[in-house]
Amino acid sequence: MSLLALTAAAALPATAWGVHAGWMVRRLRAARRDPLTGLWTRDAFTRQARRLLRNRHAVVVLADVDRFKQVNDTHGHAAGDALLAATAARLAHAVGRSGVVGRLGGDEFAAVLVDRDGTAADQLAVLGRILARPVDTAPDVHTSVSLGWVRRADHPDEDLSALLRRADEAMYAAKRAPVPVHRAALDRLLASVTGRRPGRRRSA
């Protein structure tokens, strides 16, 4: 057998392993993505969000579609899915490559972005208006998305879970306010049940 043939034969197992490893990586990445929106799932989002929170300029955002159950009941689940997909795409575009967005479940999304120039409040106000625009694939659906957010620098000793609870409280306040975006207060974290402010109604 020639040297070339021997080399090719020796390379076969490594090549096969490389193909298998590539397939496993693709499957793993797919498992970490929400199939409807393409965003990271909760666990994958959590890992990346914790890394970004090492930056003192990080901002944690929680977003929840208003009246989502009503959308499903009135326009059907296809319209609801279109709304979720559009919301996800708009959030991902706003956060950009330097941040991370995940779907936590149902109509709730979370994001961490890095606000180096201190313009998060203005950016999120614009985002709130963008998220309220009708979806091309479901033009009859009219709703908004409530946003709650908190700066990492305001609570440097708190972990991701605590910051998400603060953002959740702010988002709940936004649902009751005239504007859909609300910043978390600087005072103590309110008591919560399973990470949520008591009395908050979950959308179906």
Side-chain angles (χ1 to χ4, degrees), residues 26-49 59-97 99-113 123-149 161 164-184 192-204:
R26 289 191 295 273
R27 287 292 299 273
L28 184 59
R29 286 177 178 170
R32 293 175 177 172
R33 293 283 187 177
D34 174 60
L36 174 62
T37 65
L39 296 181
W40 296 111
T41 57
R42 180 184 289 270
D43 289 343
F45 165 79
T46 297
R47 283 191 291 271
Q48 297 182 60
V59 170
V60 177
V61 183
L62 214 56
D64 190 84
V65 179
D66 298 326
R67 302 176 296 279
F68 185 66
K69 183 178 186 302
Q70 182 180 334
V71 170
N72 276 336
D73 292 346
T74 304
H75 301 281
H77 289 279
D81 287 350
L83 177 59
L84 292 177
T87 299
R90 291 167 176 175
L91 282 168
H93 179 76
V95 170
R97 292 181 176 272
V100 60
V101 185
R103 184 184 181 192
L104 301 187
D107 58 324
E108 187 172 79
F109 304 88
V112 176
L113 55 93
Q123 292 179 29
L124 293 172
V126 172
L127 177 60
R129 293 192 291 271
I130 291 173
L131 292 173
R133 293 175 182 171
V135 179
D136 291 341
T137 53
D140 295 332
V141 176
H142 297 280
T143 188
S144 57
V145 177
S146 294
L147 299 172
W149 64 283
S161 295
L164 283 172
R165 288 198 297 274
R166 288 187 180 275
D168 181 77
E169 289 173 358
M171 183 178 67
Y172 183 71
K175 286 183 177 292
R176 298 174 296 165
V179 293
V181 182
H182 194 84
R183 181 178 177 179
S192 61
V193 179
T194 64
R196 297 200 168 280
R197 179 172 176 167
R200 180 179 171 199
R201 181 182 61 81
R202 286 292 295 153
S203 299

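Computed from a prediction, not measured in an experiment: that's the story for all the values here.
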*Does K69 come within less than 4.0 Å of D73, counting only side-chain N to carboxylate O?*
yes

*Please tell me if the side chains of H182 and S146 come closer than 4.5 Å, counting only heavy atoms from C-beta onward.*
no

*Look at the side chain of R166 and the backbone N and O of S161, then say whether any donor-acceptor pair between them is shorter than 3.5 Å.*
no

*Using side-chain contact (heavy atoms from CB on, under 4.5 Å) as the criterion, list what pairs up with V126, not counting sequence neighbours.*
R129, I130

_Spatial distance of atom CG (D140) from atom NE2 (H75) [nearest 0.5 Å]_ = 6.5 Å

*Using a 4.5 Å cut-off on heavy atoms from C-beta on, say whether the side chain of R133 contacts that of R90.*
yes

*Going by atom types only, do D34 and T37 share a side-chain donor-acceptor pair under 3.5 Å?*
yes

*Judged by atom type as modelled, is there a donor-acceptor pair below 3.5 Å linking the side chain of R103 to the main-chain atoms of L39?*
no

*Do the non-hydrogen side-chain atoms of T143 and F68 ever get within less than 4.5 Å of each other?*
no

*What is the distance from atom CG of D64 to atom CG of L104, rounded to the nearest 0.5 Å?*
10.0 Å

*asked:* If you define the side chain from C-beta out and look only at heavy atoms, does anything of V135 sit under 4.5 Å from T87?
replied: no

*Please report the shortest heavy-atom distance between G128 and V181, naming the atom on each side.*
CA-CG2, 4.2 Å

*L84 side, atom CG; L36 side, atom CG - distance, nearest 0.5 Å*: 6.0 Å

*Search all heavy atoms of A92 against all heavy atoms of V101 and return the closest pair with its distance.*
CA-CG2, 4.0 Å

*Counting N and O atoms only, with roles assigned by atom type, does the side chain of T41 sit under 3.5 Å from a partner on the main chain of R32, one being a donor and the other an acceptor?*
yes

*Roughly how far, to the nearest 0.5 Å, is the CZ atom of F45 from the CZ atom of R33?*
12.5 Å

*CD of E108 to CG of L62: how many Å apart, nearest 0.5 Å?*
4.5 Å

*Taking only Lys NZ, Arg NE, NH1 and NH2, and the carboxylate oxygens of Asp or Glu, determine whether K175 and D66 approach each other closer than 4.0 Å.*
yes

_My understanding is that only one of L83, V65, V145, V71 makes a side-chain contact (heavy atoms from CB on, under 4.5 Å) with D107; could you say which?_
V65

*How about V61 and L147: do any of their side-chain heavy atoms sit closer than 4.5 Å?*
yes

*Identify the heavy atoms of A138 and A82 that sit nearest to each other, and give their distance.*
CB-CB, 4.4 Å

_Quick one, V60 and W149 - any side-chain contact, counting heavy atoms below 4.5 Å?_
no

*M171 and A63: which non-hydrogen atoms are nearest, and at how many Å?*
SD-C, 3.6 Å

